[in-house]
Amino acid sequence: MNQAAGIAAWRWLFIIEGIPSVISSFLVFFFLPDYPETAGWLSEAERALAVARLQHEGSKGNDRSMTWADAKATLTDWRLYAHYAIYFAISPPFASLSLFTPSITLGLGYRDLTAQLMTVPPWAVAYVCQILVALSADRFNARGFHAAGAALVGAIGFIVSAALPPDAYKARCGGQVRLYKL
């Protein structure tokens, strides 16, 4: 599609991938209710059940709006900043995984399109593991333990990857499968 209608291929990629989001945004705006109380497609019993479930957590259509005191209480809570610190500490390594996977597959001897295709297996394994861990976490109602276990497996994968010599591509690829399980 390069230069089709005078548009570069990378721009076509953004256009084609953006079209479903733009179309669905209109559907969501007009059909997705803000609160259970305003959902016309729910029966009275379903609406009451949804409101009851959101009683302790979540947004409430009949509740008062947030005040500046609420905002101040939120912004001065140490847990908010602890969450930010953890998030920012975790994000760069995971963002770099997608950047370095092609280099690792090149080191395994794959070239061009095959190298790109060989980046798929770790993600496929991660998908299956994520579904299995989610099912187990729901079944045993132990999401914290499952999240901690997945983080531990990821940490071990990162440690192994960091300890390997630069040219240990096969071992590093195996470590990536473990990292993607998160």
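Under the rule for a side chain to side chain contact (heavy atoms under 4.5 Å, CB included), the partners of I19 that lie at least two apart in sequence or sit in another chain are I15, I23. With sequence neighbours excluded, the residues that form a side chain to side chain contact (heavy atoms under 4.5 Å, CB included) with I86 are I90. By the salt bridge (charged side-chain N to carboxylate O under 4.0 Å, His left out) test, E44 pairs with R47, sequence neighbours left out. For L117, the side chain to side chain contact (heavy atoms under 4.5 Å, CB included) partners two or more places apart in sequence, or in a different chain, are L113. R79 meets the salt bridge (charged side-chain N to carboxylate O under 4.0 Å, His left out) test with D77; sequence neighbours excluded. A71 meets the side chain to side chain contact (heavy atoms under 4.5 Å, CB included) test with M66, W68; sequence neighbours excluded.
W41 forms part of a hydrophobic cluster together with L42, judged by ILVMFWY side-chain heavy-atom separations under 4.5 Å. Members clustered with Y81: L75, L80, Y84, Y87, F88, by chain and number, using a 4.5 Å side-chain heavy-atom cutoff among hydrophobic residues.
Every pair tested for salt bridge (charged side-chain N to carboxylate O under 4.0 Å, His left out) that includes a residue from residues 150-166 fails, sequence neighbours excluded, so the list is empty. Pairs of residues two or more places apart, or lying in two chains, never qualify as salt bridge (charged side-chain N to carboxylate O under 4.0 Å, His left out) while including a residue from residues 2-13.
The cluster map of Ile, Leu, Val, Met, Phe, Trp and Tyr, joined by side-chain heavy atoms under 4.5 Å apart, puts L135 and Y127 in the same cluster.
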Name the atoms and distances for all side-chain donor-acceptor pairs under 3.5 Å in residues 24-31, with sequence neighbours left out.
{"from": "S24", "atom 1": "OG", "to": "P20", "atom 2": "O", "distance (Å)": "3.0"}
{"from": "S24", "atom 1": "OG", "to": "S21", "atom 2": "O", "distance (Å)": "3.1"}
{"from": "S25", "atom 1": "OG", "to": "V22", "atom 2": "O", "distance (Å)": "2.6"}

Distance-only donor-acceptor hits, side chain of residues 140-151, under 3.5 Å, sequence neighbours excluded:
{"from": "N141", "atom 1": "OD1", "to": "R143", "atom 2": "NH1", "distance (Å)": "2.9"}
{"from": "R143", "atom 1": "NE", "to": "D138", "atom 2": "OD1", "distance (Å)": "3.3"}
{"from": "R143", "atom 1": "NH2", "to": "D138", "atom 2": "OD1", "distance (Å)": "2.7"}
{"from": "H146", "atom 1": "ND1", "to": "A142", "atom 2": "O", "distance (Å)": "2.6"}
{"from": "H146", "atom 1": "NE2", "to": "S136", "atom 2": "OG", "distance (Å)": "2.7"}

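One distance of note links CG of L164 with CD1 of I159; it measures 12.0 Å at 0.5 Å rounding. Atoms CG and CD1, from L13 and I7 in turn, are 12.5 Å apart once rounded to the nearest 0.5 Å.
When all heavy atoms of W12 and A5 are compared, the closest pair comes out as CZ2-CB, 4.0 Å.
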